[in-house]
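Quick caveat, the model's predicted, so the values are computed rather than measured. In what follows, chains are A, B, ... by sequence order, proteins preceding strands, each numbered from 1.
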Amino acid sequence: MDATMKKNLEDAGINVDEALERLLGNERLMAKVLKKFPSNSVSYYTELQKDLEGGASDEETKKAIEFNCHSLKGVCLNLSITRLGNLFTEQLGMIRNGDLKGAGEFMERIAPEYEKVISAIESNCQ
Amino acid sequence: MAATLDIEEGAQMNEEILIIDDDEINRAILDNLFSGMYATDEAENGRIGLEKILGNPEKFSAILLDAKMPEMDGLEVLRHMKEAGLNGKIPVFLITADASDSVMREAYRLEVMDVISKPIVPYVVLRRVNSVMELFRARKQLSSRVEIQSSELIEKEHRIADLNRGLFEALAAAIEFRNGESGEHVRRIHDITMLMLEKTDLGDGLSEEDMDNIALAAVMHDVGKIAIPDDILNKPGRLTKEEFEVIKTHTVRGEALLETIPQLRENKVFGYACDIARHHHERWDGRGYPDGLKGDEISVWAQIVSLADVYDALSSKRVYKDAYPREKVIAMITGGECGVFNPVLLDRFMKIEDELSRMYVPE
């Protein structure tokens with residue numbers, strides 16, 4: 001992995017060294033799984049966004065919100081997309097505390113980070 | 001990588017790990033971690049994973065199970081596995097991002113092997129999973145080794161028992177040959193004794209092993225004859241009083257001889273063999289030898305063998321006599337011509353005499 005790519009990924013809040021360690025130093029696999037992140041996370045992400053915007057009146061939606069946020073947090077942290085992962089961790093705390101309004105507003109902080117990660121991956125992991 | 005090489009030692013490619021996780025990326029990470037050491041299989045949710053497990057419970061050596069999944073979550077998988085009696089047999093590692101108290105407690109209640117937190121730390125996961133798999137592997141090998149060893153032991157025991165039996169019979173037969181007989185006598189004494197114990201209430205309270213041991217001991221009833229000089233033992237005509245006194249010593253000499261075999265002392269046959277060798281010429285009325293025991297002073301087995309001995313001697317041809325016809329044999333025994341026997345013993349004997357008589361095919 002060249003230095004520019006590493007820097008670009010790190011600028012997007014991805015801890016490259018930690019991710020590589022988790023993948024036993026397998027750079028090719030790292031590129032492969034990072035490349036999967038956009039398509040892998042998009043359904044969780046859009047659903048989470050939609051449900052939070054909709055106000056989540058029923059139990060089923062509340063459960064879905066928690067599940068999707070939890071999944072995003074898990075995938076991010078597993079890939080050491082640390083900054084974004086930490087934001088989802090914070091949001092999950094609000095959701096579990098019943099603060100869905102706060103969690104909805106929190107999307108404003110998450111959205112730019114999410115976009116940043118997606119764009120860094122798309123332009124660096126071919 | 002050098003750091004993982006030592007961990008990989010002992011792992012076996014013929015073992016398979018099942019990774020159950022709804023997230024493709026998580027599965028890829030775990031697969032990458034283990035696929036160098038084990039075969040791996042993946043399931044994208046709990047339901048599919050459970051189907052794979054229940055379809056072939058022997059197939060997987062370990063299961064990595066995500067806690068939160070759609071369709072069926074990790075705890076639900078554990079519950080179904082517990083119902084199938086599989087928990088504790090296949091090590092399951094629950095991988096969870098939220099290792100809360102309640103999840104952990106429920107997981108351990110369901111006999112999960114370990115709870116591993118997400119995001120996973122590779123060397124921790126590798127070490128924990130490998131250690132447990134090694135333990136299970138060692139346990140499996142140990143139990144199959146114990147199984148092999150115990151079956152070897154049983155086989156050895158059988159061989160020793162067979163050898164013992166062979167030696168006893170060879171010894172008894174050798175004495176008979178010296179006596180000018182064929183070895184059939186001791187075999188019949190064995191069978192008559194066994195039938196009397198098995199088919200009548202004379203054997204009540206004795207285990208099958210006891211009966212076997214008594215019948216084997218019966219084979220050695222005349223070992224003492226080895227110490228009797230040929231000219232007396234094989235004398236065709238009538239014995240003098242002195243000669244008869246010498247013959248009578250085969251009882252005590254038999255017991256003494258058996259007592260000189262140290263290995264026999266350890267054997268359960270020993271007590272019966274000594275008793276029978278010494279007392280198979282005692283009679284119910286106290287007029288037998290060598291001790292003149294009377295009635296119940298004589299053990300049931302010694303009584304059985306003394307009757308069997310007389311019955312066989314009368315029913316078969318000897319150097320000094322022909323085989324007597326069956327009616328005459330019975331008349332002589334019940335008439336007390338060969339000494340007095342316990343009436344109960346005689347009664348049981350008569351009940352199975354028909355079967356016993358079939359051992360003597362007219363020549």
Item to check | Side chains of A/Arg22 and B/Ile29 in contact at under 4.5 Å (non-hydrogen atoms) | outcome: yes
Next on the checklist: Using every non-hydrogen atom in the two residues, find where A/Leu24 and B/Asn32 come nearest and quote the distance to one decimal.
Outcome noted: CD1-O, 3.8 Å
Checklist outcome for this item: To the nearest 0.5 Å, atom CD1 of B/Ile25 lies from atom CG of A/Asn78 at 8.5 Å
Next on the checklist: With rounding to the nearest 0.5 angstrom, report the CG to CD1 distance, A/Leu77 to B/Ile120.
Outcome noted: 12.0 Å
Next on the checklist: Minimum heavy-atom separation for A/Leu29 and B/Ala28, please, with both atom names.
Outcome noted: CD2-O, 4.1 Å
Item to check | Contacting moiety of A/Lys32, where chain B heavy atoms sit under 4.5 Å | outcome: neither
Checklist outcome for this item: In this structure, NE2 of A/His70 is separated from NZ of B/Lys118 (nearest 0.5 Å) by 5.5 Å
